[in-house]
Amino acid sequence: MVTDCQTRWGSTQKMISRILEQQRALTKVLSTDRKARQLLPSWQDLDVLESMNRALSPLQDFTDALSAEQYVSISYLKPILHILNTSVLAEDEEDTDLTKSLKAKILRYLNEKYEVTQALLNITTFLDPRFKAKYMSTEETRTIKERVVSEVVEIHQQQPEPQRTMVMEDSPDLDNSPPAAKAKKKTLASFFQNSTCMPSTTSTPTTFLVQCRDAVTTELTTYTYMPAVVPEEDPLKWWKHHKINFPLLSKLAQKYLCIQATSSASERAFSASGNVVSAHRSCLKPEKVDMLVFLSKNL
């Protein structure tokens, strides 16, 4: 049998499912003991459990998928909320009144919970090449594009001047860099070379902002019209592969797609810390604990 645990997500549904699965065995065991016969579930109890299981079981797979930490999960939230509202938790003709009530309450809770973080969900979904603006309205898409442009410009304004002037160029690997080639004479074409979003020595801050904003807008338009990738594609690998085409947007993707969709990763880190700092290892220094927990989570 499975016991309900307050700190284990989905344990209530697993407990109910196991009771329904082992109903005959439970009835046979409890009926042989006079003192335990009053624990036999009645048909009303079974109806309630079946109604609850019908409402909760569809959420189990989504919960397990969102609780993982080895892949991007934050961008899944808005699409999953859309699926829950339109199909998974939508009322069915075969649902009992209790099942319909539970589904409605679950949807109301989820929609209210994520209403305050709707802007975050929109930008993370937009930066995922699998979804982009698929689950957003026209107004939300316009707002997100404006936010993306302003945030990218703000990121480059905060960078030091040497980094800002090389913002779109990957730094070479010093260890694997080829030997320096022989210096060549300048050609006339070299005087007309300009890097995107890179102010010249005589450009004003206003000119730089305009150039940078135009560069982000161009990247944004190209990214929007690119076909969506398959759902199995890793968005982080996609951005790494297309970083040369989207040097500005890729930085924003790194900023947002690393966010965890749930607190499961934090809870696992606390559990790992509890295993490291035991009664026999209570004198470990804080920096040693950090190193051991890091190794425990990443090896």
Side-chain angles (χ1 to χ4, degrees), residues 9 58-89 107 110-156 167-168 170 197 212-213 215-266 268:
W9 292 5
L59 299 175
Q60 187 62 42
D61 293 335
F62 292 107
T63 302
D64 293 340
L66 289 176
S67 299
E69 52 184 314
Q70 298 299 325
Y71 51 81
V72 175
S73 57
I74 183 66
S75 58
Y76 274 115
L77 274 176
K78 191 175 183 67
I80 285 179
L81 286 174
H82 174 79
I83 294 174
L84 293 178
N85 279 277
T86 56
S87 59
V88 176
L89 292 180
L107 284 177
L110 290 175
N111 291 329
E112 290 177 356
K113 175 182 176 66
Y114 290 108
E115 183 65 30
V116 294
T117 59
Q118 199 62 229
L120 175 63
L121 299 187
N122 286 341
I123 193 170
T124 53
T125 305
F126 181 78
L127 291 173
D128 192 322
R130 298 170 296 181
F131 307 121
K132 297 182 182 178
K134 182 178 180 180
Y135 297 97
M136 288 185 283
S137 63
T138 305
E139 181 64 24
E140 287 177 331
T141 304
R142 184 184 62 80
T143 304
I144 286 302
K145 288 182 178 180
E146 293 176 355
R147 178 177 174 179
V148 167
V149 173
S150 61
E151 285 204 26
V152 171
V153 172
E154 183 180 354
I155 289 175
H156 290 296
V167 63
M168 257 120 24
D170 293 326
C197 196
C212 192
R213 189 175 291 272
V216 179
T217 305
T218 303
E219 287 188 18
L220 205 54
T221 304
T222 306
Y223 171 72
T224 304
Y225 284 101
M226 286 186 68
V229 299
V230 295
E232 291 78 14
E233 181 83 18
D234 186 349
L236 294 181
K237 290 182 179 179
W238 188 92
W239 279 110
K240 182 179 180 180
H241 181 70
H242 292 81
K243 183 178 180 180
I244 189 172
N245 300 322
F246 305 103
L248 302 173
L249 289 181
S250 60
K251 294 182 179 297
L252 203 62
Q254 290 177 355
K255 174 183 176 181
Y256 282 106
L257 295 184
C258 65
I259 301 174
Q260 297 291 328
T262 68
S263 61
S264 296
S266 176
R268 294 190 190 106

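The residues of the chain are indexed from 1 along the displayed sequence. Computed from a prediction, not measured in an experiment: that's the story for all the values here.
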Can you name the nearest heavy-atom pair linking [X] to [Y], along with the distance?
| X | Y | result |
| --- | --- | --- |
| S73 | L66 | O-CD2, 3.8 Å |
| T262 | S67 | OG1-CA, 3.6 Å |
| R130 | V72 | NH2-O, 4.4 Å |
| P247 | K251 | O-CG, 3.6 Å |
| E140 | S137 | OE1-N, 3.1 Å |
| Y71 | A65 | OH-O, 2.7 Å |

>> Quick check on the 6.0 Å ring-centre criterion: do Y256 and F126 meet it?
In response: no

> Only one of D128, T124, T125 forms a side chain to side chain donor-acceptor pair (under 3.5 Å) with S75, so which one is it?
Replying inline: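 Of all the options given, the one that passes is D128.
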
Could you measure the distance from the [atom1] atom of [X] to the [atom2] atom of [Y]? Nearest 0.5 Å is fine.
| X | Y | atom1 | atom2 | value |
| --- | --- | --- | --- | --- |
| L59 | L84 | CG | CG | 6.0 Å |
| L249 | L220 | CG | CG | 5.5 Å |
| S150 | I155 | OG | CD1 | 9.5 Å |
| I259 | L120 | CD1 | CG | 5.0 Å |
| I144 | K132 | CD1 | NZ | 15.5 Å |
| L248 | R213 | CG | CZ | 12.5 Å |

Indicate yes or no: at least one non-hydrogen side-chain atom of [X] is less than 4.5 angstrom from one of [Y].
| X | Y | value |
| --- | --- | --- |
| K255 | E151 | yes |
| M226 | F246 | yes |
| K145 | T224 | yes |
| L81 | L121 | yes |

> According to the salt bridge (charged side-chain N to carboxylate O under 4.0 Å, His left out) rule, which pairs have a member within residues 72-89, sequence neighbours left out?
Replying inline: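 For residues 72-89, and leaving out neighbouring residues, there are no salt bridge (charged side-chain N to carboxylate O under 4.0 Å, His left out) pairs at all.
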
> Is there a side chain to side chain contact (heavy atoms under 4.5 Å, CB included) between R142 and T138 once you walk through the steps?
Replying inline: CA-CA 6 Å; R142 184 184 62 80; T138 305; 5.8 Å; no

>> Whether the E115 and N111 side chains hold a donor-acceptor pair (N or O, under 3.5 Å, no angle test) is what I'd like checked.
In response: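 No - no donor-acceptor pair under 3.5 Å links their side chains.
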
Could you tabulate the donor-acceptor pairs under 3.5 Å formed by side-chain atoms of residues 229-239, not counting sequence neighbours?
{"from": "D234", "atom 1": "OD1", "to": "L236", "atom 2": "N", "distance (Å)": "3.1"}
{"from": "W239", "atom 1": "NE1", "to": "L127", "atom 2": "O", "distance (Å)": "2.8"}

